**Student:** 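After the structure tokens below, expect a handful of questions from me.
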Amino acid sequence: MDFNKLIKNLDSLSSNSPTSVETWDRITISGKDAQKYFNEICKFSEIIESGVAELSIDNDIIPFNDFTQDIKSYNSNLTWKIYVFKDNLLKLFFKEEYKHFFFIKKSIFLEWIENYDVLDTSHPLNSLSPVKIFVNDLEETIWGPKLLLTSPENEIKNIAWPYESKLPSDEIIKREVHFITNRNTNVWITNILVEHFNKESDIIRLIRVKSAIALACCLIQEFYSYDKIVLKATKRIECPLVREPLPQISSEDLTNLINTVSWVYAERTTTRLTLLVDRISLEINPPECFLESLCIHCSNALKQAMEQDQFLVLELKDSYMKELRSLLLDVRKQADEYTDKLRSIQSSLLRDTLAGMFLLSVGVFSKISTGSELFNQTNIIVILSKALGIYFFSSIIIQLLISIPDVIMSYKEIQHWVQFSNNYISSTEKETNIDAPLRKRHIYFNCMATLLVIVYMSLALISWNFYYLLQYFHIIKL
């Protein structure tokens, strides 16, 4: 079975039959006097027998064999119908790499494109993209990132399609454009865009208009309906996005729109969109259609917005350097605070250790010399050692209670100010210059503080049990 020949046969039968109805997903061809159309109907025996098409006589679905056997008995007034299910038919010829459609009438395809809603999530061009469409008698192959139009007889093989576009995806667009409507809406720029064709035609002109509508939706801030959009510029403007009759969009207009959308969504989208909308809003009178005004003023508005953006970039660079310098100073201050706290605890440890050793040494020496009446009682050394143990324990606890909350509060403060600098500093620079150094200092502080706590607790334990240690090691007989 040849696909091209099948399309031609369907076109022929459709043209010769009294009634033919074609939609994007099925074809219904009907007439009277089955004997008259017998030979043409027989050309579809394979697809009828395979189940991708159905044949009915007087609204009763019948097998094709019954039709051929009973053809002579059919009254000329009986109505015959052929139902062709396009999706099932295409599966016989093509793999499911992407979706395939076909139209046997170019006029039906034009009507289908004319009724295409670029924002409708349920439309096949949006829900089933990418799509390859065979249009009978189409003069040339036309294609874009996600749409390819060709005819069965003039199909060009080995086209690199579908392909990625530099235009923004629907996820990126929805971050900037707010759809305030009960309908399920979204913007797919590339689903209807075509970039490769040789000559102008009705199809090209109609697709260009639909593409322009999709692109215009990327350059607004609030969408309520095609009759109401909102531009939040220096002044708030409400106007229709587009109105009937649809405007004529030239190739130059579409190129300007593509360049504008590409520039706006390349970086700092919110800022660039605001700059562009500010310029466009100065030229729009509310009764006017946004798409028409956009096509007229898009080129000049883009140039002015780009100039303003350059000045903003210079200001941002200056602000960036100042902010980075300030943050680095804060990071250094925070790092120094970690060090100061550790040094403070270390100094206290050294002081407390020396003082404890001195007191215990004096006590033991006095006991050995027996010349001092102050330490001639064993329980005096016990009390002194236990008091030192309590002192060591209390000292480290108090120091930690003061130092740790101070460090934590300082860390939270610098993180708070870092959040305000996200417009100036990238996440990579923030990680390299701020988070990583502070994280290392934080780990070092925790390790050293833990070690100092262990030393302090060891000293406290030794002091508390000093008397018993003297007895155990037979240093002195108490």
Side-chain angles (χ1 to χ4, degrees), residues 3-4 6-7 10-11 22-27 52 84-171 173-174 183-198 201-215 217-218 249 254 258 261:
F3 181 66
N4 181 31
L6 180 60
I7 297 297
L10 283 171
D11 184 28
E22 181 178 16
T23 62
W24 71 272
D25 60 344
R26 68 158 54 191
I27 302 171
V52 300
V84 179
F85 305 103
K86 291 185 175 182
D87 189 51
N88 293 337
L89 177 61
L90 287 163
K91 287 178 181 178
L92 296 177
F93 297 94
F94 306 102
K95 297 179 181 179
E96 284 293 321
E97 300 175 42
Y98 36 78
K99 202 65 181 176
H100 292 80
F101 297 156
F102 74 87
F103 289 85
I104 60 175
K105 299 291 185 185
K106 189 163 66 173
S107 59
I108 299 297
F109 172 72
L110 276 168
E111 183 181 344
W112 185 65
I113 290 295
E114 188 173 0
N115 294 326
Y116 166 58
D117 184 349
V118 297
L119 302 178
D120 185 6
T121 58
S122 63
H123 194 280
L125 280 180
N126 295 332
S127 61
L128 302 175
S129 180
V131 175
K132 182 177 183 178
I133 304 177
F134 293 97
V135 182
N136 191 33
D137 294 332
L138 188 67
E139 293 81 4
E140 64 169 332
T141 298
I142 303 166
W143 72 95
K146 293 185 178 180
L147 177 64
L148 190 149
L149 308 177
T150 187
S151 66
E153 56 187 351
N154 297 323
E155 182 183 4
I156 300 176
K157 303 292 184 180
N158 302 321
I159 294 177
W161 182 91
Y163 59 89
E164 292 297 322
S165 172
K166 294 181 180 180
L167 289 168
S169 64
D170 59 298
E171 291 87 358
I173 295 169
K174 287 196 77 172
R183 299 171 51 204
N184 289 327
T185 55
N186 207 341
V187 184
W188 296 272
I189 306 174
T190 56
N191 286 2
I192 191 63
L193 181 67
V194 294
E195 298 175 324
H196 304 277
F197 58 92
N198 294 323
S201 64
D202 292 340
I203 291 177
I204 293 297
R205 283 187 284 271
L206 188 53
I207 287 177
R208 190 183 290 142
V209 173
K210 296 296 182 178
S211 298
I213 294 173
L215 289 163
C217 287
C218 304
I249 305 296
L254 188 63
I258 291 173
V261 171

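If you read the sequence from its start, that first residue is 1, and numbering goes on from there. The structure displayed is predicted, hence computed values, not measured ones.
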**Student:** Please report the shortest heavy-atom distance between Trp188 and Leu119, naming the atom on each side.
**Tutor:**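 Trp188 and Leu119 have their closest heavy atoms at CZ3-O, 4.3 Å.
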
**Student:** Where is the tightest heavy-atom contact between Asp117 and Asn126, given as atom of each residue plus distance?
**Tutor:**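 Distance-wise, the nearest heavy atoms are O-ND2, 3.4 Å.
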
**Student:** Rounded to the nearest 0.5 Å, what separates atom CG in Leu89 from atom CG in Leu6?
**Tutor:**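 Rounded to the nearest 0.5 Å, the CG-CG separation comes out at 5.5 Å.
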
**Student:** Please verify the inter-ring angle class for Trp112 with Phe101; under 30° counts as parallel, over 60° as perpendicular, anything in between as tilted.
**Tutor:**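 Correct class here is perpendicular.
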
**Student:** Any donor-acceptor pair under 3.5 Å linking the side chain of Lys86 with the backbone of Thr23?
**Tutor:**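 Yes; at least one donor-acceptor contact below 3.5 Å.
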
**Student:** Do other residues, nucleotides or ligands put more than 12 heavy atoms under 6.0 Å from the CG atom of Asp87?
**Tutor:**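 Yes - once you tally the heavy atoms of other residues, nucleotides and ligands closer than 6.0 Å, there are more than 12.
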
**Student:** Output yes when a side-chain donor or acceptor of Thr121 lies under 3.5 Å from a complementary backbone atom of Asn184, and no otherwise.
**Tutor:**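 Looks like yes, one N/O pair under 3.5 Å.
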
**Student:** Under a 4.5 Å cut-off applied to non-hydrogen side-chain atoms, are Tyr98 and Lys146 in contact?
**Tutor:**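 No, too far: nothing below the 4.5 Å cut-off.
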
**Student:** Ring pair (Phe, Tyr, Trp, His ring centres under 6.0 Å) with Phe85: which residues, sequence neighbours excluded?
**Tutor:**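 So Phe85 forms no ring pair (Phe, Tyr, Trp, His ring centres under 6.0 Å) with any residue.
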
**Student:** Could you check if a side-chain atom of Ile203 sits within less than 4.5 angstrom of a side-chain atom of Leu138, using non-hydrogen atoms only?
**Tutor:**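 A side-chain contact exists here, since the closest heavy-atom pair is under 4.5 Å.
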
**Student:** Working to the nearest 0.5 Å, report the span between CD1 of Ile258 and CD1 of Ile189.
**Tutor:**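 Answer for the CD1-CD1 pair, Ile258 versus Ile189, is 9.0 Å.
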
**Student:** Using residues 102-109 as the side-chain source, report each donor-acceptor pair under 3.5 Å to any protein atom, sequence neighbours left out, with the distance given to one decimal.
**Tutor:**
unit_1, atom_1, unit_2, atom_2, d
Lys105, NZ, Asp11, OD1, 2.8
Lys105, NZ, Ser15, OG, 2.6
Lys106, NZ, Glu139, OE1, 3.4
Lys106, NZ, Glu139, OE2, 2.9

**Student:** Taking Ile204's backbone N and O only, do any of them form a donor-acceptor pair with Ser201's side chain (distance below 3.5 Å, no angle check)?
**Tutor:**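 Between the backbone of Ile204 and the side chain of Ser201 there is a qualifying donor-acceptor contact (under 3.5 Å).
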
**Student:** Going from NE2 on His123 to CD1 on Ile192, what distance comes out if it is rounded to the nearest 0.5 angstrom?
**Tutor:**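 The distance works out to 8.0 Å.
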
**Student:** Out of curiosity, Arg205 CZ to Ile249 CD1, how far, rounded to the nearest 0.5 Å?
**Tutor:**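 That separation rounds to 13.0 Å.
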
**Student:** How about Phe3 and Glu155: do any of their side-chain heavy atoms sit closer than 4.5 Å?
**Tutor:**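 No, too far: nothing below the 4.5 Å cut-off.
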
**Student:** Say you draw a straight line from CZ of Arg183 to CG of Asp120; how long is it, rounded to the nearest 0.5 Å?
**Tutor:**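 With rounding to 0.5 Å, CZ (Arg183) is 6.0 Å from CG (Asp120).
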
**Student:** With a sphere of 6.0 Å drawn around CD of Glu111, does it hold more than 12 non-hydrogen atoms of other residues, nucleotides or ligands?
**Tutor:**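 No - once you tally the heavy atoms of other residues, nucleotides and ligands closer than 6.0 Å, there are 12 at most.
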
**Student:** Please find the pair of heavy atoms, one from Pro162 and one from Pro130, that lie closest to each other, and give the distance.
**Tutor:**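 What the structure gives for the nearest pair is CG-CG, 3.9 Å.
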
**Student:** Val261 versus Ile173: any side-chain heavy-atom pair under 4.5 Å?
**Tutor:**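 SC-SC contact between Val261 and Ile173 ruled out.
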
**Student:** Anything under 30° is parallel, anything over 60° is perpendicular, the rest tilted; go ahead and classify Phe94 against His100.
**Tutor:**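 Phe94 vs His100 ring planes: parallel.
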
**Student:** For a side-chain contact (heavy atoms from CB on, under 4.5 Å) check, start with the C-alpha distance between Leu110 and Leu206, then their side-chain angles and the critical distance, and finish with the verdict.
**Tutor:** CA-CA 8 Å; Leu110 276 168; Leu206 188 53; 4.1 Å; yes

**Student:** Which atom names give the shortest non-hydrogen contact between Leu147 and Ile133, and what distance separates them?
**Tutor:**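 Of all heavy-atom pairs spanning Leu147 and Ile133, the closest is CD1-CD1, 4.0 Å.
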
**Student:** Taking side-chain hydrogen bond (donor to acceptor under 3.5 Å, both in side chains) as the definition, give me every residue that meets it alongside Asn154, ordered by chain and number, with sequence neighbours left out.
**Tutor:**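 For Asn154 the side-chain hydrogen bond (donor to acceptor under 3.5 Å, both in side chains) partners, ignoring immediate neighbours, are Ser151.
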
**Student:** Between Asn198 and Glu140, what is the shortest heavy-atom contact and its length?
**Tutor:**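 Nearest heavy atoms, Asn198 then Glu140: N-OE1, 2.9 Å.
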
**Student:** Measure the shortest side-chain to side-chain distance between Pro124 and Val131 over non-hydrogen atoms and say whether it is less than 4.5 angstrom.
**Tutor:**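 No, their side chains stay 4.5 Å or more apart.
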
**Student:** So which atom in Leu148 and which in Trp143 form the shortest heavy-atom distance, rounded to 0.1 Å?
**Tutor:**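 Scanning both residues, the minimum pair turns out to be CG-CB, 3.8 Å.
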
**Student:** Start with the C-alpha distance between Glu153 and Asp137, add both sets of side-chain angles, then the distance that settles side-chain contact (heavy atoms from CB on, under 4.5 Å), and finish with yes or no.
**Tutor:** CA-CA 8 Å; Glu153 56 187 351; Asp137 294 332; 3.9 Å; yes

**Student:** Donor-acceptor check, side chain of Lys210 to backbone of Glu114, threshold 3.5 angstrom: yes or no?
**Tutor:**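 Confirmed, Lys210 side chain pairs with Glu114 backbone.
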
**Student:** Determine yes or no for a side-chain-to-main-chain donor-acceptor pair under 3.5 angstrom, with Asn191 supplying the side chain and Leu125 the backbone.
**Tutor:**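 Yes; at least one donor-acceptor contact below 3.5 Å.
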
